[in-house]
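Down below is the structure, laid out as structure tokens.
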Amino acid sequence: PGLGLSSQARAGELSEASEAVVAIVDQLSAVLLTSEATPLQGLIFDQLAKILAAQTRSAWGQVRDASPKLPSGRSLVGTIVDPLGLFQTSALVVVDDKDERILDAVKVLT
């Protein structure tokens, strides 16, 4: 009996949490999925693109750092993906100060 109450209580909490998530998704859908573009959509999508780009560069850096190093000093993965080393220090793949600030802000918010 005590176990049943606990399970029922947990199910009630889950149900409330699920309802809250559904409500948030509905609100976001109403803002993001409209027939005409809005300034708020542009702002949200712009910020999401910045977050995605910063996290992608960060993940790529972690993969390169975890990869074995060749005698040349380059990572094995970096050499396979970019044999000539053209993008080795490119802003396309290297985390910069702006990315660090974005990633720090995301950590604070999550």
Side-chain angles (χ1 to χ4, degrees):
L3 190 58
L5 286 174
S6 178
S7 297
Q8 287 176 347
R10 276 191 232 130
E13 290 173 9
L14 181 59
S15 177
E16 290 174 20
S18 296
E19 288 176 16
V21 168
V22 168
I24 291 169
V25 168
D26 285 343
Q27 291 172 354
L28 282 173
S29 296
V31 170
L32 298 176
L33 304 176
T34 60
S35 59
E36 295 183 27
T38 66
L40 181 57
Q41 286 175 330
L43 179 66
I44 291 171
F45 290 138
D46 182 53
Q47 296 307 309
L48 287 175
K50 288 178 183 179
I51 292 168
L52 180 61
Q55 288 186 333
T56 300
R57 283 188 283 273
S58 176
W60 174 245
Q62 290 172 0
V63 168
R64 284 192 335 200
D65 290 344
S67 173
K69 302 296 180 227
L70 299 175
S72 65
R74 293 191 60 204
S75 70
L76 177 61
V77 169
T79 302
I80 291 171
V81 173
D82 180 21
L84 299 177
L86 299 175
F87 295 100
Q88 194 171 359
T89 58
S90 169
L92 292 172
V93 296
V94 177
V95 174
D96 61 11
D97 292 338
K98 183 178 172 184
D99 289 337
E100 292 290 344
R101 289 192 308 271
I102 290 169
L103 295 171
D104 289 343
V106 168
K107 285 178 189 173
V108 169
L109 294 173
T110 56

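Both Leu86 and Val94 are part of a single hydrophobic cluster, where members link through side-chain heavy atoms under 4.5 Å apart. Residues Leu76 and Val81 do not share a hydrophobic cluster, defined by chaining ILVMFWY side chains whose heavy atoms lie under 4.5 Å apart. Both Leu84 and Val93 are assigned to one and the same hydrophobic cluster, defined by single-linkage of ILVMFWY side chains at heavy-atom distances under 4.5 Å. Residues Ile44 and Ile51 fall into different hydrophobic clusters, defined by Ile, Leu, Val, Met, Phe, Trp and Tyr side chains chained together at heavy-atom separations under 4.5 Å.
Pairs engaging residues 55-65 under the salt bridge (charged side-chain N to carboxylate O under 4.0 Å, His left out) rule: Arg57-Asp99 [sequence neighbours left out]. Sequence neighbours left out, the pairs with a member in residues 30-52 that pass side chain to side chain donor-acceptor pair (under 3.5 Å) are Thr34-Gln41.
The shortest heavy-atom contact between Phe87 and Leu92 is CE2-CD1, 3.9 Å. Taking all atoms of both residues into account, the shortest heavy-atom contact from Arg74 to Thr79 is CB-OG1, 3.6 Å.
Residue Lys69 qualifies as enclosed at atom NZ: its count of foreign heavy atoms under 6.0 Å is above 12.
Side-chain contact between Trp60 and Val77 is present, with heavy atoms from C-beta onward closer than 4.5 Å.
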Taking only distance into account, with no hydrogens and no angle test, what donor-acceptor pairs under 3.5 Å do side-chain atoms of residues 100-110 form with protein atoms, sequence neighbours excluded?
unit_1: Thr110; atom_1: OG1; unit_2: Val106; atom_2: O; d: 2.9

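Among residues two or more places apart in sequence or in another chain, the side-chain contact (heavy atoms from CB on, under 4.5 Å) test is passed with Leu52 by Thr56. For Ser29, the side-chain contact (heavy atoms from CB on, under 4.5 Å) test picks out Val25, Leu33, with sequence neighbours left out. Partners of Ile24 under the side-chain contact (heavy atoms from CB on, under 4.5 Å) rule, at least two apart in sequence or in another chain, are Leu28.
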